Amino acid sequence: MTTPTAGSSARDVPDGTDLAALEEFAVDCAAAAGAFIEEARPAELRVATKSSETDPVTQMDSAAERLLRERIAAARPDDACHGEEEEATRGTTGLTWVIDPIDGTVNYVYGYPFYSVSVAVVTGDVTTPGAWRPVAGAVAHPRAGLVYHARRGGGAFARDASGRDEPVRVSGAVDLPTSLIATGFGYDADKRRAQGKALVPVLPRVRDIRRGGSAALDLCHVASGLLDGYYEMGINAWDMAAGWLILTEAGGLLTGLDGRPPSPDLIVGAGQPLHQALHDLVAEALAAFDWSADAPGR
Ligand code: LIP
């Protein structure tokens, strides 16, 4: 089973690319947008809806994406950009910035402190699962004063407000019954019903389940050992691009189903010893679904 990982092929990085500089730029962008969504939050958020009435977007999502796009365009004008709230832009360098200005928007609306800003730069075609790889990225957790970051081959770190970097590493968990697993649910009622059904066989087989509400942070928390594993259906490239690399550089693995790349169908992330067992448990739980009619994606 060929398992795609974020670091699987250095050949796709354009010659002369300074990954360390891209990583630091991603940290700066994520930190700046993280500070913005905290400091510029108005007394009254205007909450509109997107794919369903439970899928919110606020003026802060749009403003934070605008801030990120302007910073990227100023510093890297020839790179492409792909974000959650605006149309994608084309580039000529082979590098694409993949951004989620607020991952965990529901939490942000409520003031529940589990939301993040995700900024990654990838090679390949980010619209096709398996055809792209993150090469540098950062996830800012403003309420924790942390920015998780990584570059391909450079390890994974959590940077605190003083600028100190702490290396992060996945847990050594190997057994499901003693593993803490996170998951999440989409916005469509029928998909949520299916995702809830898929949780039933999983819950009794693991230590416990956590549902944080930000895929990017769930991936960073697996990378840093705060969780042992994470799976979810319906995750977009912008939710997972930076967290995928941070998890891989922390010694973890992120895949889709049966060796396929991570995609909106499914992502499963854990340290290497646990990953196969978690994947097989989730695959077993999903086996009951007719993916055409019942696909429990977003
Ligand atoms: C969120 C994801 C999370 C999922 C939430 C939501 P958003 O992204 O990061 O994993 O469970 O339902 O989709 O919509 O807040 O950017």
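Just so you know, ligand 1 is whichever comes first in the structure, and atom 1 is the first atom listed for that ligand. Computed from a prediction, not measured in an experiment: that's the story for all the values here.
Residue-level proximity to ligand 1 for I235 is carried by the side chain, the only part with a heavy atom below 4.0 angstrom. At a heavy-atom cutoff of 4.0 Å, ligand 1 is contacted by the side chain of Y230 but not by its backbone. With a heavy-atom cut-off of 4.0 Å, Y115 does not touch ligand 1 at all. At a 4.0 Å heavy-atom cut-off, ligand 1 touches D100 through the side chain alone. At a heavy-atom cutoff of 4.0 Å, ligand 1 is contacted by the backbone of S214 but not by its side chain.
For D218, the closest heavy-atom approach to ligand 1 does not fall below 4.0 Å. For G213, the heavy-atom gap to ligand 1 drops under 4.0 angstrom.
Salt-bridge annotation for R69 and E87: absent, with no side-chain N of the basic residue lying under 4.0 Å from a carboxylate O of the acidic one. A salt bridge links E38 and R143; the closest N-O separation between the charged side-chain nitrogens and carboxylate oxygens is under 4.0 Å. The pair R152-D12 counts as a salt bridge, with a side-chain nitrogen and a carboxylate oxygen less than 4.0 angstrom apart.
When the heavy atoms of G234, A215, G184 are ranked by distance to atom 3 (C) of ligand 1, first place goes to A215.
No close placement of the Y231 and H275 rings is indicated, their centers lying 6.0 Å or farther apart. Checked against the 6.0 Å centroid threshold, W238 and W97 do not count as a close aromatic pair.
Interface of I102 with ligand 1, defined as ligand atoms under 4.0 Å from a residue heavy atom, comprises 16 (O). Counting the atoms of ligand 1 from 1 in the order shown, those under 4.0 Å from a heavy atom of G104 are 7 (P), 15 (O), 16 (O). Interface of D239 with ligand 1, defined as ligand atoms under 4.0 Å from a residue heavy atom, comprises 8 (O), 9 (O), 16 (O). Of all atoms in ligand 1, listed by their number and element, those nearer than 4.0 Å to a heavy atom of E232 are 3 (C), 4 (C), 10 (O), 11 (O). Those atoms of ligand 1 that come under 4.0 Å of a heavy atom in F185, given as number and element, are 4 (C), 5 (C), 11 (O), 12 (O). In summary, the atoms of ligand 1 found under 4.0 Å from a heavy atom of D103, numbered by their order in the structure, are 1 (C), 2 (C), 7 (P), 8 (O), 9 (O), 15 (O), 16 (O).
In this model, no donor atom of one side chain and acceptor atom of the other lie less than 3.5 Å apart for D103 and S118.
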Give the intermediate values and the outcome of side chain to side chain donor-acceptor pair (under 3.5 Å) for residues S171 and D228. CA-CA 6 Å; S171 77; D228 295 311; 2.6 Å; yes

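With hydrogens and angles ignored, the 3.5 Å screen pairs a side-chain donor or acceptor of T58 with a backbone N or O of M60.
Grouping the Ile, Leu, Val, Met, Phe, Trp and Tyr side chains by contacts below 4.5 angstrom, directly or via other members, places V174 apart from L253.
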